[in-house]
Amino acid sequence: MSPNTPVTALKGVGKVRAQQLEKLGIRTLHDLVCFFPRTYEDRTRMVSLNGLIAGEPACFHATVVTAPRTSYVRKGLIYTRCTIADDTARIRVTWFNQPWISDNLQPGHSYFFYGALAGDERRYEIQNPVAERDDSTPVQTRCIIPIYPLTKGISSKALQSMIFLALDALRDNLPELLPQSVLAETSFMPVYEAYLEIHRPTTQERLNTARQRLVFEEFFQYSLGLCLMKARRSRESHYPCRLPIPKQFYDSLSFSLTSAQDRALKEIEADLLSGSPMNRLVQGDVGSGKTMVALGAMMMAVENGYQAALMAPTELLAVQHYNKLSNILEPLGIHCELLTGSVPAAKRRRILDYIAVGAAKIVIGTHALFTETVDFHNLGLVVIDEQHRFGVRQRAALSAKGSTPHMLVLSATPIPRTLALMLYGDLDVSVIDELPPGREPVETFLVSSSYRARLLGFIRKQVSEGRQVYVVCPAVEDNEETNLTSAESMYASLQSSFPEYRVGLVHGKLRSEAKDYSMDQFLRHETDILVATTVIEVGVDVPNATLMVVEDADRFGLSQLHQLRGRVGRGGGKAYCILVSDNRNPDTRKRLKALCATNDGFKISQQDLELRGPGDFFGARQSGLPMFHLASLSTDLGTLKMAQKAAESFAASCPDPEDPATKALLDRVAAMFTAADDTFN
Ligand code: ADP
Ligand code: MG
């Protein structure tokens, strides 16, 4: 049998089982041994009966003294009791609703048990212990028990048995996929041993060693895939450029570029002139001027005779980009079109025609841009804005469409290098680490809700000066359990506090037209105060907004708060961010204070990563990362770094793809990337 043998080859795995396994994504023996335990229960501690402590489960060896007797108390409650003893004590054991126990226990025989003491001094007993004969398999006592993720129709124990069968079948057939060069530099456990240990651990220490190897392997394969993607594209571009960024781009700007913008543009220009496809990420804080950089790139593509497309994550942002950019482009005679999901059919057909014949030079839209019906005349450059929702796989899919246009990705989420490599390891990176001049940092304060009256006064002051205010809440509706400030109740309360002002509301539960309407009103200054949930997090640009209030700020990650804060102070004029939180936890306060002290997105993201793990960078939304079987981005960062380095040097050593070991590894890497089950959102 080989790792690719279907599970049905195992004894006892028939059609029904195979179907159940299929639902878990398990088809082959390899899939089965890669289905890792969710957690473990350590049942290695042995005690004598008088050493049992209430509530602390342990193993003990004891003799059944009285035959188990089952009593029917009432419907739904049956208990089975007997007395057990060892040299040190005699004690009653009770099992609830497990009458079959009495078939397994013979008086006068001894068994291994695993359980805990319950009750009090008057009457201790042991409840629901696991009991097994000295020779039973698989062992359920005196060992570390793997606990598999809950699955419909298959118990953890049944899974364990099947995995053991698969492990037996693969004993001499599990190929070592880590290259010799990597193994030589590390002291990893051999591959088969590691799989064995992860499913039937012998000691906690060996389990950790096994886990470390398998985590490393997963990260290594993923990182190698990215390195290979990056290396593969150094072939010739179908869209070679000879002309530099046109002078009219620079002339059309009403400001001079920051030196960071300049540097990024030079890098882009060099990429486009190089003759190979560009794959570049521009990373910079909110407001650092990434859109202008993208504009320069798009104008260069047009200058060289190609079309360019800009893809925004939401319709609202697409419209905003379109309004801003077409203002600059149309006077220069560069025709620009907006294509989103909500363009009416007739108009859509017209736009599609313009795109197909190449009359539309620059097309701005949502991912509707890349549906089958959109046929570009000669799309040479794709710009993807706010990329963290757009994963590696989508990028691969996009470049597979047509003939690999140049690709520019913009991200406003500054993330530490290790994570950046996971998300964008296939890209070159430009960093815009400077804000346009005259942009004062947003002044940030942390207050408790007892400052409410003063806070309202501050809002009044801003609005009376003609400014606009955001109030962000962590929840949409009131909920007694969480007791969080909801957008709806805040909306009602601000309306009554400020009858003379116009208050708007936007949150994720509104229909998209309603959302757009609210945002639009705020954009046009038809509302003064916008109460919102984090739907406003991404990219919205209202230069007149100068105050951001975040309710229950402790509920948000630092990076998320930093993004929210970036919504204000975009139009000159002093801007403020007020974090409201009554949380007294010292760590939480430290976190929020850190945000008050710095405006540097990279510093903040590093702290966030250390304090909360990587979840916040990617949010609840899909991140485009593959699902790792075992590896966790929050606890295995050290291993990740090691694996990334190893993958880089392995890729750089130009391994021979015909070598059988390398071929097996590359097949595994390819399978990993096709299995990443991302969807567009
Ligand atoms: P980002 O996409 O990085 O958040 P934008 O490109 O939207 O930033 O720029 C934010 C604002 O700053 C826009 O109003 C833009 O016109 C302006 N801007 C961009 N670059 C400069 C610059 N070099 N000097 C002054 N203002 C700039
Ligand atoms: Mg932007």
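Counting convention: from 1, in listed order, for ligands and their atoms alike.
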Is it the case that [X] and [Y] place a side-chain donor and acceptor less than 3.5 Å from each other?
X: Thr527; Y: Gln521; answer: no
X: Asp285; Y: His562; answer: yes
X: Gln462; Y: Thr546; answer: yes
X: Asn304; Y: Arg242; answer: no
X: Asp552; Y: Thr485; answer: yes
X: Asp385; Y: His321; answer: yes

Practice prompt. Give yes if a backbone or side-chain nitrogen or oxygen of Gly287 is under 3.5 Å from a nitrogen or oxygen of ligand 1, and no if not.
Written response: yes
Worksheet item: Can you find an N or O of Gly289 that's nearer than 3.5 Å to an N or O of ligand 1?
Response: yes
Worksheet item: Does the cation-pi check pass for Lys574 over Tyr576, that is, NZ or CZ under 6.0 Å from the six-membered ring centre and within 45° of its axis?
Response: yes
Give the numbers and elements of all ligand 1 atoms closer than 4.0 Å to a heavy atom of [X].
X: Ser256; answer: 22 (C), 23 (N), 24 (N)
X: Met292; answer: 6 (O), 19 (C)
X: Thr258; answer: 23 (N)
X: Asp285; answer: 3 (O)
X: Thr291; answer: 2 (O), 5 (P), 6 (O), 7 (O)

Practice prompt. Determine, considering heavy atoms only, which of Lys290, Arg567, Lys324, Gln261 sits nearest to atom 3 (O) of ligand 1.
Written response: Lys290
Proximity to ligand 1 by part of [X], non-hydrogen separation under 4.0 Å:
X: Leu257; answer: backbone
X: Leu410; answer: neither
X: Pro543; answer: neither

Worksheet item: Hey, does Ala294 sit under 4.0 Å from ligand 1 if you only count heavy atoms?
Response: no
Worksheet item: Is the number of heavy atoms from other residues, nucleotides or ligands within 6.0 Å of CZ (Phe498) greater than 12?
Response: yes
